[in-house]
Structure formats: structure tokens, C-alpha cells
S.K.: 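Before I ask anything, let me first share the structure, which is written out below as C-alpha cells.
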Amino acid sequence: MQKKKTAIVTARMTPEVKQRLQERARDAGMTLTQYLIICGLGQEIVRVEGLDAVLSELKAQGRNLNQLTTLANMGRLTVLRSDELLDKYASLCEQVNRLTEVS
């Protein structure tokens, strides 16, 4: 469970600095608050391009698997061509590995 954020920090800066920070946060795919917290704590920001599409496909495959499991448990599905399913998951795993390899 994530803790509720209730503390407020106010910082004064020039409009130019604020704009640069907002651009950097947007480029990292984060809100300004998330970006400032991570930078302030000295953590590294890692953005993997192309991962969103793979994760979207992985979620869709997960939903399909849940539907198949429900049908099998209801006795409405008795035959599943698992070789095709395994091939799809293997392909997704390869894509994730390629995207997350450190150069």
C-alpha cells in the first residue's frame, strides 16, 4: 500500500528553470513531483523506449489467459493449443530482454 502524500514543499525559481524541469520530467515520462523526488534522493532515472508497447501487449495476453482459465474452470474449454501460447510469451520475453539490455 502506498503512503498518502500530505507534506508540501514550496520552492522559488525562475520561470525558465521551472520550464526546464517540467521538460525534463516530461521527457522522463514523469510528473514534476516524481522527477524532483527521484533527483533529490539521488536515484537514477531510467527510461526504456518501446517498453510501453510491449507491456500493453503483455497485459492483453494476461487478460486472454485469465479468460481462458475461467472458461477451462467452467468446463467450457477442454483443448488449448499451448504451443502457440508459449511461442507468443517467448516472443514477448525476447522483446523485453532486448529493450532492457544495458549497452
S.K.: Can you tell me how far CG of Leu55 sits from CG of Leu92, rounded to the nearest 0.5 angstrom?
M.R.: 9.5 Å
S.K.: Quick check: does any side chain N or O of Thr69 sit under 3.5 Å from a backbone N or O of Leu65, one acting as donor and the other as acceptor?
M.R.: yes
S.K.: Could you measure the distance from the CZ atom of Arg76 to the CG atom of Leu68? Nearest 0.5 Å is fine.
M.R.: 12.0 Å
S.K.: Mind checking side chain to side chain donor-acceptor pair (under 3.5 Å) for Thr31 and listing every partner two or more places apart, or none if nothing turns up?
M.R.: Gln34
S.K.: When hydrophobic residues are tied together by side-chain contacts of less than 4.5 Å, even through go-betweens, does Leu32 share a cluster with Met13?
M.R.: yes
S.K.: Supply the atom-to-atom distance Glu44 CD to Cys39 SG, rounded to the nearest 0.5 angstrom.
M.R.: 11.0 Å
S.K.: Considering non-hydrogen atoms only, spot the tightest contact between Met30 and Tyr35 and give its length.
M.R.: SD-CA, 3.9 Å
S.K.: Taking Glu23 as the fixed residue, which of Gln19, Arg20, Arg26 is the one that meets the side chain to side chain donor-acceptor pair (under 3.5 Å) rule?
M.R.: Gln19
S.K.: Can you tell me how far apart CG (Leu41) and CD1 (Ile37) are? Round to the nearest 0.5 Å.
M.R.: 7.5 Å
S.K.: If you round to the nearest 0.5 Å, how far is CD of Gln61 from CG of Asn66?
M.R.: 11.5 Å
